[in-house]
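Chain letters run A, B, ... following the sequence lines, proteins first and then strands; every chain starts at 1. Scope of the values below: all heavy atoms of this structure, side chains included, with no hydrogens, waters or symmetry mates.
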Amino acid sequence: MKYQLRLPFYLAWQYIHRGKKWAIALTLVLLATAFVNLLFISSLFNGVIDGSNKQIINTMSGNIYITSKNGKDFIGNTKQAVKQIKQIEGVEGVSAETQVQGRLKYSGITVSGQILAVNPEASKTVVNIADKIVEGAYLKPNDTNKIIIGCQIAGGEGVANNAFSFKGAKVGEEVQLMTDKGVKTFVIKGIFDTKFINSDLRAFITEKSYKTINPNYNPDSSTTIIIKTNQKYNQDELVDKIKALDIDGEVYTWQEAAGLMKSVSESFLSINVIVSFVGIVIAAVTVFIVIYVDILNKRRQIGILRAIGIRSYIIVLSYVILSSVYALGGVLLGTVVFHFGLVPYFQAHPFEIPITDVVLVIGAKDYIARAESLIWVSIFSGLIPSIIVVRAKMLDAILGK
Amino acid sequence: MEDCVIQTNSIHKIYKTGGLDTHALKGVSLKINKGEFVIITGRNGSGKSTLMHQLALLDKPDKGQVIINNQDTSRMGEVQKTKLRLLNLGYIFQEYALIAELTALENVILPAMMHESGRLAKKRAIGLLKKVGLAGKYNRLPPQLSGGEQQKVAIARSLINSPSIIFADEPTANLDTVASKDIMEIFKTLNQRDNITIVMVTHEPEELAYATRHITVSDGRLK
C-alpha cells in the first residue's frame, strides 16, 4: 500500500516535469488570471470602501466622535473633556469644533456649506485638512479674518459641485460670512481638496475669528469633539473609556457618524459579495474547462495505465495532485502579478472617484478565502473528469473511441 | 486441466452502435495451455481483436465465462481484475502504448511500483531492457525511440511483473521487416526459454511460423 500511495505523486511529478512546457505554462497563466480576477474585483470594491472610510476618519470625524446631548446645543466643559480624553492610552489627537450657523457670500453668490470654528493646531492632530491644501496655506491659531474653504465651495473647472459653488474663488479674495450676529469679511487663506465631496463642502475659521463674530462664544463649549485613536487599540474599548469620563455629550464611533457614507459602504459590500460570487463561478468554470480538456487529452494514457494494472484511485489521485499543483502555481503566479504589478500600479495611478482615490485593498482573510476557492475548484476539476475517464470503458479510452 | 491457463466458455460480445447490434463474438469456447504460442488471425471485422480483448480482460463479454489461471473472471470485481492484470498478464499494443512523459526505464518500472519500491524494480527493468536489446537507451523518452524500440520497451514493461501470459495485439503492424523479425524473435525466446504463454493477433502470414497453435476467427466464431 505504501508503494501505491507514492505512485500518484510520482505520476503527477512526471506529468509536470516532462509534460509540454507551453501547455503547463498556459494552464498556469489561465489559473493565475482567474485568481487575479477574483482578487481584483474584490480588492477594487474593498478599495472604495476602505478609501471612503479613511476619508471619513481622516478628513471629518476622526475615529471617535462626540456630539452634544439631545436637547442641548453644545458639549459643556469642553476643555476639561479634551484634557481627560487626551490622557487615555491609545488616543493620538483630540479637537473640539464649533459649528458656525451662517452662510458664505462671494461675488454675489451665496453658499451654505458647513462652517466650523476650530483650533487649527488641535484639528491637525485629528484630521488631515492641513495636508490637503492645494492653494494658499492652512490656518494659524491667531488668524482672525482668514478662512480656508473646500474646493467644492471655491468651485472652478473640474469641480463636481461647481454649479452650487463660488465658481472659481481664489486665495486672497474676500468672502463674507453672514450669521445672525452680523456679517464679517474674511480673506480666503487656503483652498483644500480632500477628494471627498462631503469634506470639501466645508470651511474652517479659527476659534479666535469666531469670537470676533459672536462675542457670546464660550471656548469651553463646542458642538463636536473629534478624536483620533491608534489603530492598535480596540476602538470599542476606547469608546467605553471615553464614555466612562461622563462627558456632557454623546459618544459615537466614526461608523455611527458616517451617515450616508455608511449606507454607501454597505451597498458596496453587498455588491462585492455578489460580484465575488460571480467571479468565483467564472473562475470555477474556467479552471474546470482547462483541467477537463487536459485530462480528456490524456484519456488514452489513462486507459493504458489501467490496462497495465494501475489502480483507478491512483490515476484519479495523480490528477487531483496535478490540479492542486496547477492551482498552487496559479495562486502563486497570480499573487506575484497582483502584489508586485497591479497593487503598485494602482497606488501610482489610482481610480479617481468623487469620494476618494481608489487603490486595491485585499485583507488576508479575503485573500485566503479566494485562494482556497481556486484550490478547491481545481481539486474538483481534477477529480470529476478523471473519475469520469477511469469509469469509462478501458478499451474505448485506449482506442480513443 | 492443470496446464490450461486460459479457458473461455461460450463467450458472446455484442456492440451496439446507433441502434444497430453487431454480434462480434458468437459463443466462442477455447482453451489455451501453459507454454503455448497462440496466433489468432482473421479478416478485418472477423472478431479476432474482440476475442483477444476479452481474454486479456480489457473488455467484458456480454455472456459466457473467461477463466484465467483457474479463476473465473466473470465473478471478479474491477479491483481483482486489475490485480490479475498487474501480476499475471502482460500487454503489448499495436501503438506501443507507452506513457509519453516517462523514459524507457520509467515506463518499464511503472507496473512494478504498484507493489515494490522503484529502486528494487530498477535493477530488474535494466535487465529486461538489455534482454530486448535496448541497453544504453534507458533514459530516452518514447518520441526519441524508433517504432521497433518503443515496442521493445512495451515488451520489457509487460515482463516486469513476471507474467504467465502475454497478450500482443498486432505488435508488428507498424514496424519494418527487420524490427518485426526482432520482436518475433523476442517472443519466441520468451515462449521457448521462459515458458511464457503468448497469445498474439496478427495479419502477417510469415509470423505464423512462430506459433505453436493457430486460431482463425471468422464472423465471430472459431474456424
Classify the side-chain pair A/Arg18/B/Thr103 by whether it contains a donor and acceptor separated by less than 3.5 Å. no
Which of A/Ile308, A/Ile314, A/Asp396 touches chain B most, by non-hydrogen pairs under 4.5 Å: A/Ile308
Please look at A/Ile310 and chain B and tell me whether the side chain, the backbone, both or neither of the residue comes under 4.5 angstrom of a heavy atom of that chain. both
Closest heavy-atom pair and its distance - B/Gly47, B/Val217: C-CG1, 3.9 Å
Using non-hydrogen atoms and a 4.5 Å limit, figure out which bit of A/Leu5 sits close to chain B: side chain, backbone, both or neither. neither
Test ring pair (Phe, Tyr, Trp, His ring centres under 6.0 Å) applied to B/His115 - qualifying residues, sequence neighbours left out: none
Would you mind checking which part of B/Glu78 comes under 4.5 Å of any heavy atom in chain A, side chain (CB onward), backbone (N, CA, C, O), both or neither? side chain
B/Ile11, B/Val38, B/Leu222, B/Ile40 screened by side chain to side chain contact (heavy atoms under 4.5 Å, CB included) with B/Leu30, the one that passes: B/Leu222
Contact winner vs chain A - B/Asn161, B/Leu86, B/Leu87, B/Ile160, heavy-atom pairs under 4.5 Å: B/Leu86
Per-residue tally against chain A (heavy atom, under 4.5 Å) across B/Leu98, B/Val79, B/Asp59, B/Leu84 peaks at B/Val79
Any salt bridge linking B/Lys131 with B/Asp194? Criterion: basic side-chain nitrogen under 4.0 Å from a carboxylate oxygen. yes
Taking the cut-offs as 6.0 angstrom to the six-membered ring centre and 45 degrees off its axis, would you call A/Lys298 and A/Tyr319 a cation-pi pair? no
What residue, out of B/Glu106, B/Glu95, B/Arg157, has the most heavy-atom pairs lying under 4.5 Å from chain A? B/Glu106
Side chain, backbone, both or neither: which part of A/Tyr313 has a non-hydrogen atom closer than 4.5 Å to chain B? neither
